[in-house]
Protein chains: 2
Amino acid sequence: MNAPSQRNRGQDKAAESPTLEDVAERSGVSTATVSRCLNNPSVVSEKTRARVMEAVKALGYAPNFGARALAAKRTNTFGAIIPTMENAIFARGLQAFQEELERNGITLLVASSSYRPELEDKQIQSLVARGADALLLIGHDRTPDTYDFLEKRQIPYVIAWVHDDNEARISIGFDNRKAMKLLAERVLDHGHQSLGLISAQLEGNDRARHRLEGIRDAMKERGLDPSKLQITETQYTISCGAEALATLLHSDPKPTAVLCGNDVLAAGALLEARKQGLRVPQDISITGFDDIEIAEIVSPALTTVHVPHSNMGAGAAKLLLAMRNGEDVEQSVELEATVVERDSLGNAPT
Amino acid sequence: MNAPSQRNRGQDKAAESPTLEDVAERSGVSTATVSRCLNNPSVVSEKTRARVMEAVKALGYAPNFGARALAAKRTNTFGAIIPTMENAIFARGLQAFQEELERNGITLLVASSSYRPELEDKQIQSLVARGADALLLIGHDRTPDTYDFLEKRQIPYVIAWVHDDNEARISIGFDNRKAMKLLAERVLDHGHQSLGLISAQLEGNDRARHRLEGIRDAMKERGLDPSKLQITETQYTISCGAEALATLLHSDPKPTAVLCGNDVLAAGALLEARKQGLRVPQDISITGFDDIEIAEIVSPALTTVHVPHSNMGAGAAKLLLAMRNGEDVEQSVELEATVVERDSLGNAPT
DNA sequence: TTGTATGCGTTATCAA
DNA sequence: TTGATAACGCATACAA
């Protein structure tokens, strides 16, 4: 009386996804052979391969990713978690990362954490559960739990966008502190004595903290009191940058140069300055960081720090690829970030 | 002599991912119970649940996504394929889309197709193989094969960023043709007789084509010969926009107003105009499309078409959610796009 | 070169 | 409330 416990097929109208078995049946071979045609074609005879591929096409077969991961224990998928997709800060680097991966036949999954460590932790879990073979992470700041998880699972990962001698983890990036110090020195060279900083949230963001330290370093070296630096913390959006500048303009002494944590913030600050009738750079100087496209299209064009986006992305991919292949990568790589002077930085008003 | 074919555990140092079975063993229950604790906690006794959850935490257990998808046949994952991540055109809409999904406990996977239909087709396959329960797609243009695949697999999908009465598929967006016509009318109102268009590639991009048609509609209505419209097709980047303007300025008659396919292109055009010593809008008018952030930060600020990014994103999520829940959605939704006048459009030079 | 058989980690059905 | 156990779709060791 019991119905044979076979997979029902044919008469149910809801089109099920074709499986290996379907293809095998249609082409009159075993599932193993079909699998081989897909993964290791060279080992199967020209003739049967043709027949199988024909069936694959006819059925619109595509392998079930989960099943494949389950059986093969690797996915040829890497993951990247970036703080935000809302602006272009990470776009170019990610693009380079992804191109390099594609060249090596691996697929990229991207998630964004909105600069929130707990969310990032979830994203990491999710990507790992989805079978990510390796991960790209931005910056060192995250909970010990997260790192424990990564270690326990033996997931290769690389930290990008930073280079910090104090951290042992493999990373690829530039020294944010040094880079910002370079820029601050340039600002001081123009005679500014009273500086302001529009920064991202400092907590949970080592890049932002290091940039702040870089400014302080420069001030100290020039005999200025670093505690005089006016700091506003805000989110990375244009309107926040504008607001932040307005706030800063109320402080005493009013800064004659405002350094911004990135170009987006600087664009906002520029907007606010214009709105308040301030000329840049005659009345106030404003600098950016990152050198993304908008740095050139705003006017005046931003003096900013050029960050090696593409090199970081491509380099990160290479590191990760090497790790995944079992080579042991021991050296972090430090890239150079350089100041690019355009028009938004001028001499201090007298 | 044969070793028992059991899963080796314990003595191998490479920390394997803990499985349901590991958790079960540690908490002295069956795997079924552990599974229930995770998916349907209410049905298991308080006491055992506590013990199980303790083990879960201790082991750092996280369910294997592939296995789960395989067994449960749904993933609570939706996919979105957008043409590009390189600029912010889709960022805001995607953000809204994702927020709405998150609110409903579903995860978003994003892929970008670089405006290439074959690549998009691959991405769709990949997302479906990864278990995406539903898909967000941009625009109607894609191969019949792609649509066949979607139908065959019964994957719910919605087309966003467009509303086209001629297409039967469920979509949410605005009428690109109408929107661009509105803008073109505004341009003509300013006395311009000679228009140029910097467009994205027209092939495979119905949005771009409809925008072109919108301009032609407006010209016809005003008694202008639509074939006189100077068209340049290019990629969506700032530098391409700049190049394209340079090209257009060589045409005869030289356009006095150049409409751009989007704000990124317009920003580039603005840059080139400045470089050539042309004042905008006194010497030449330039308009954008999309109303993304850069529209406001360039100077002069762009006259452009404001697109309901957030509403499209959130609305698309709601449609897809409804479809996934088996409700049948029959109506496309049309949203409004409106012209926003800022400073880059002025009267035609006399 | 091809086929058979097994296991991957879950969920879900059925009994207990 | 819990425990066995049969799928799920695929890759691969082993046999033929």
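Any value given below was found using the heavy atoms of this structure, including those in side chains, with hydrogens, waters and symmetry copies removed. Here the structure is a predicted model, which is why all the values come from computation and not from measurement. Order of the sequence lines fixes the chain letters, A, B, ..., with proteins taken first and strands second; residue numbering starts at 1 for each chain.
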Just to confirm, is there a sub-4.0 Å distance from OP1 or OP2 of C:dT4 to any side-chain nitrogen or oxygen of A:Ser30? no
Interatomic distance, A:Glu21 CD vs D:dA7 P [rounded to whole Å]: 12 Å
Have a look at B:Ala32 and say if it touches a base, only the backbone sugar-phosphate, or nothing, with a 4.0 Å heavy-atom cut-off. base
When you check the side-chain N and O atoms of A:Glu102 and A:Gln98, is any donor under 3.5 Å from an acceptor? no
Nearest to the side chain of A:Arg36 - C:dG3, D:dC8, D:dA11? C:dG3
For B:Thr77 and A:Arg130, test the side chains for any donor-to-acceptor distance below 3.5 angstrom and give the result as yes or no. yes
Salt bridge flag under 4.0 Å for residues B:Glu46 and B:Arg49: yes
Ignoring hydrogens and angles, state whether a donor on the side chain of B:Asn104 or B:Arg324 is under 3.5 Å from an acceptor on the partner side chain. no
With a cut-off of less than 4.0 Å, is there a side-chain N or O of B:Ser35 near OP1 or OP2 of C:dA12? no
Could you check how far CG of B:Asn40 sits from P of C:dT13, rounded to whole Å? 12 Å
Does a side-chain N or O of A:Asn64 approach OP1 or OP2 of D:dC10 to a distance below 4.0 Å, or not? no
Interatomic distance where NZ belongs to B:Lys47 and P belongs to D:dT1 [whole Å]: 13 Å
Choose from D:dC10, D:dG3, C:dT10 the nucleotide whose nearest atom is closest to any side-chain atom of A:Ala71. D:dC10
Rounded distance (Å) that lies between atom C1' of D:dA11 and atom CG of A:Asn76: 13 Å
Nearest-nucleotide wise, let me know which of B:Thr33 and A:Arg68 is further upstream toward the 5' end of DNA chain D. B:Thr33
In whole angstrom, what separates A:Arg153's CZ from C:dG9's P? 11 Å
Nearest of D:dA11, D:dT2, C:dC8 to any side-chain atom of A:Leu70? C:dC8
Measuring to OP1 and OP2 of D:dT12, would you say a side-chain N or O of A:Arg74 lies under 4.0 angstrom away? yes
Base, sugar-phosphate or nothing for A:Leu20? Non-hydrogen atoms, less than 4.0 Å. sugar-phosphate
Check whether any side-chain N or O of A:Ser45 sits under 4.0 Å from OP1 or OP2 of C:dT2, and answer yes or no. yes
Closest approach of B:Thr75 and B:Ala69, non-hydrogen atoms and distance? CG2-CB, 3.7 Å
Integer-rounded Å distance: D:dT12 P and A:Lys73 NZ: 11 Å
Give the rounded distance in Å between these two atoms: CZ of A:Arg130 and P of C:dT10. 15 Å
To the nearest Å, give me how far apart CZ (B:Phe65) and C1' (C:dT11) are. 14 Å
Determine the minimum heavy-atom distance between A:Ile155 and A:Val128, stating which atoms define it. CD1-CG1, 3.9 Å
Once you apply a heavy-atom cut-off of 4.0 Å, does A:Tyr61 come out as touching a base, just sugar-phosphate, or nothing? sugar-phosphate
I want to check one thing: is the phosphate of C:dT10, taken as OP1 and OP2, less than 4.0 Å away from some side-chain N or O of B:Thr31? no
